[in-house]
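Worksheet for the structure shown next.
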Amino acid sequence: MLGRKRFVAAVSTALLLSGLCFATHAQPAKEIRVALQKGGILAIAKQRGVLEEEFKRDGIAIKWYEFATGIPVLEALNSDKLDFGSAGSAPPIFAQAARENLLYVASQPAGLNSEGILVRNGAGIAKLEDLKGKRIGVAKGTSGHHFLLAALDKAGLRPADVRISYLAPADATAAFGKAELDAWVVWDPFLAIGEKVHGAQVLTKDVRVVHSNNFLLANKEFSLRNPALLKRIVDRLSEVGRWAEDNRPQLAQLLTDQTGIPLDIERTVVGRGTFAIKYMDDAVTQQQQELADRLAELAIVPKRVEVRHIVWKPTDAR
């Protein structure tokens with residue numbers, strides 16, 4: 001019996017060591033799959049080719065995938081179809097409630113006045129309280145959804161007091177233009193388009209309602225296999241952020257060239273944008289936890305999550 005126990009222990013040890021050896025000698029990454037949205041820091045990075053430049057000497061290709069909102073980005077990260085992406089404040093909470101297969105890597109404060117509630121002329125909406133009973137368009141699970149909930153709470157209203165239509169930005173643009181919505185909650189560049197193209201009035205903007213962040217996020221498996229690569233990505237994006245802060249006229253032209261959005265609109269977007277990036281800290285983590293708790297209390301997400309459980313630190317790359 002003793003010999004059998006020793007044999008089993010020896011086999012278990014050998015398997016453990018072989019697993020460690022396999023992890024140590026895992027195949028190096030051949031490509032990094034990155035998601036972007038219009039006008040974000042990753043769209044700027046793509047246009048300038050900075051990640052391609054960073055990883056060219058390693059023989060690592062950068063594969064880009066464009067998304068309209070953060071929710072499908074997070075779904076793809078969670079299901080191992082993407083390695084890296086960005087989203088606003090709400091989508092990571094929905095994703096974590098579904099499956100903890102992603103990590104917060106860095107934060108980027110949302111630009112002041114870069115998100116807000118547009119109201120249709122003639123809709124009879126002059127203050128937040130006037131939203132009661134109105135038709136409001138918003139993309140479900142996005143930072144705009146978060147903004148709407150905060151605005152309603154500030155006005156003493158509940159979600160049941162308004163008629164919410166969950167629409168992606170492209171669909172909401174069409175619906176708003178056809179007067180099928182009284183109000184539309186959205187972020188730049190769509191906010192600026194609504195103001196300049198549709199002549200919509202801005203009821204309120206984020207600076208008056210809630211502090212919000214954008215986040216850089218990574219697939220957990222990718223992060224565990226490639227912590228040094230992940231740090232290099234964020235460090236290069238931090239350089240992109242500093243360049244964007246210091247070169248706004250050039251940035252507006254760059255985004256126009258990429259998106260086809262008129263230059264005057266991109267100038268508005270860039271003028272009120274914030275591009276500085278920093279690694280996650282306790283203050284930002286707490287802000288995100290407060291939002292997660294609010295969404296759970298309202299039963300918008302199915303359970304409470306602990307944000308700190310999926311926060312990545314640059315020390316993890318050592």
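Of all heavy-atom pairs between Ala139 and Thr69, the closest is CB-CG2, 4.3 Å. Taking each heavy atom of Phe215 and Gly88 in turn, the nearest pair found is CD1-O, 3.8 Å. Taking every heavy atom of both residues into account, Leu128 and Leu157 meet most closely at O-CD1, 3.8 Å. Nearest heavy atom pair, residue Leu102 against residue Ala95, reads CD2-CB, 4.0 Å. For the pair Leu263 and Thr256, the tightest heavy-atom approach, listed with the atom from each and the gap, is CA-OG1, 3.3 Å. Nearest heavy-atom pair across Leu131 and Ala183 is CD2-CB, 4.1 Å.
Here the side chains of Glu53 and Arg48 are not in contact, with every heavy-atom distance at 4.5 Å or above. In this structure, the side chains of Pro314 and Val234 stay at 4.5 Å or more apart for every pair of heavy atoms. Proximity of Val186 to Ile193: side-chain heavy atoms (C-beta onward) are nowhere separated by under 4.5 Å. In this structure the side chain of Leu77 never reaches within 4.5 angstrom of the side chain of Asn101, judged on heavy atoms. For the pair Leu181 and Arg120, the minimum side-chain heavy-atom distance is 4.5 Å or more. By the 4.5 Å heavy-atom criterion applied to side chains, Phe222 and Leu82 are not counted as neighbours. Side chains of Thr204 and Phe147 form a contact here, defined as non-hydrogen atoms less than 4.5 Å apart. Considering only heavy atoms from C-beta on, Gln286 comes within 4.5 Å of Glu290 through its side chain.
Under 3.5 Å, the side chains of Gln47 and Asp257 contain no donor-acceptor pair of N or O atoms. Side-chain contact, Asp293 with Gln289: a donor N or O sits under 3.5 Å from an acceptor N or O.
For the atom pair CZ of Arg248 and CH2 of Trp243, the computed distance is 11.0 Å after rounding to the nearest 0.5 Å. The distance from atom NZ of Lys56 to atom CG of Asp58, rounded to the nearest 0.5 Å, is 12.5 Å. Arg308 CZ to Gln288 CD: the interatomic distance, rounded to the nearest 0.5 Å, is 14.5 Å. Considering NZ of Lys46 and CG of Leu36, their distance stands at 6.5 Å, rounded to 0.5 Å. Between Leu217 atom CG and Ser107 atom OG the span is 10.5 Å, to the nearest 0.5 Å. Here Leu298 contributes atom CG and Arg158 contributes atom CZ; the two are 11.5 Å apart, rounded to the nearest 0.5 Å.
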Mind running salt bridge (Lys or Arg N to Asp or Glu O under 4.0 Å) on Glu180 and Lys178 for me, showing each step along the way? CA-CA 5 Å; Glu180 294 173 355; Lys178 293 187 290 186; 3.8 Å; yes
Going through the distances and angles, do Arg33 and Asn219 end up as a side chain to side chain contact (heavy atoms under 4.5 Å, CB included)? CA-CA 10 Å; Arg33 301 165 298 174; Asn219 171 268; 5.8 Å; no
Might you work through the side chain to side chain contact (heavy atoms under 4.5 Å, CB included) test for Leu229 and Phe55, ending with a clear yes or no? CA-CA 9 Å; Leu229 294 186; Phe55 294 105; 3.6 Å; yes
Can you check salt bridge (Lys or Arg N to Asp or Glu O under 4.0 Å) on Glu66 and Lys38, steps first, answer last? CA-CA 8 Å; Glu66 185 171 335; Lys38 287 186 184 298; 3.5 Å; yes
Evaluate Val197 against Ile265 for side chain to side chain contact (heavy atoms under 4.5 Å, CB included), listing each step before the verdict. CA-CA 9 Å; Val197 175; Ile265 293 178; 4.0 Å; yes
Evaluate the criterion salt bridge (Lys or Arg N to Asp or Glu O under 4.0 Å) for residue pair Arg232 and Asp235; output intermediate values, then yes/no. CA-CA 5 Å; Arg232 286 168 63 186; Asp235 288 346; over 6 Å; no
Verdict with reasoning, Ile41 to Val240, per side chain to side chain contact (heavy atoms under 4.5 Å, CB included): CA-CA 7 Å; Ile41 196 73; Val240 172; 3.8 Å; yes
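When atom types are taken as modelled, the side chain of Gln258 and the backbone of Ile44 share no donor-acceptor pair closer than 3.5 angstrom. Checked by atom type and distance alone, the side chain of Asn121 pairs as donor or acceptor with a backbone atom of Gly199 at under 3.5 Å. A distance-only check finds no donor-acceptor pair linking the side chain of Asp83 to the backbone of Ile32 [under 3.5 Å]. Distance alone, capped at 3.5 Å, places no donor-acceptor pair between the Arg236 side chain and the Leu51 backbone. With hydrogens and angles ignored, the 3.5 Å screen pairs no side-chain donor or acceptor of His198 with any backbone N or O of Gly194. At distances below 3.5 Å, not a single donor-acceptor pair connects side-chain atoms of Asn247 with backbone N or O atoms of Gln250. Asp182 places a side-chain N or O within donor-acceptor distance of the main-chain N or O of Arg135, the cut-off being under 3.5 Å. Side-chain N or O atoms of Gln108 include none that pairs as donor or acceptor with a backbone N or O of Asn214 at under 3.5 Å. A donor-acceptor pair under 3.5 Å links the side-chain atoms of Glu245 to the main chain of Ala276, judged by distance alone. In this structure, the side chain of Arg304 does not engage the main chain of Ala296 through any donor-acceptor pair within 3.5 Å.
Residues Leu237 and Ile60 share a hydrophobic cluster, clusters being chains of Ile/Leu/Val/Met/Phe/Trp/Tyr side chains in contact below 4.5 Å. Hydrophobic clustering (side-chain heavy atoms under 4.5 Å, transitive across Ile, Leu, Val, Met, Phe, Trp, Tyr) keeps Phe67 apart from Ile261. In the hydrophobic cluster analysis, where Ile, Leu, Val, Met, Phe, Trp and Tyr join through side-chain heavy atoms closer than 4.5 angstrom, Ile71 is grouped together with Leu295. Cluster membership check: Leu254 shares its hydrophobic cluster with Val50, using side-chain heavy-atom separations under 4.5 Å among Ile, Leu, Val, Met, Phe, Trp and Tyr. If you chain together hydrophobic residues whose side chains sit under 4.5 Å apart, Val185 and Val269 never meet in one group.
No more than 12 heavy atoms of other residues, nucleotides or ligands sit less than 6.0 Å from atom NZ of Lys140. Annotation: Lys220, atom NZ; neighbour count of heavy atoms from other residues, nucleotides and ligands within 6.0 Å is above 12.
Between Trp184 and Phe176, the ring-plane angle classifies as tilted under the 30° and 60° cut-offs.
Salt bridge present: Lys127 and Asp130 bring a charged side-chain N and a carboxylate O closer than 4.0 Å.
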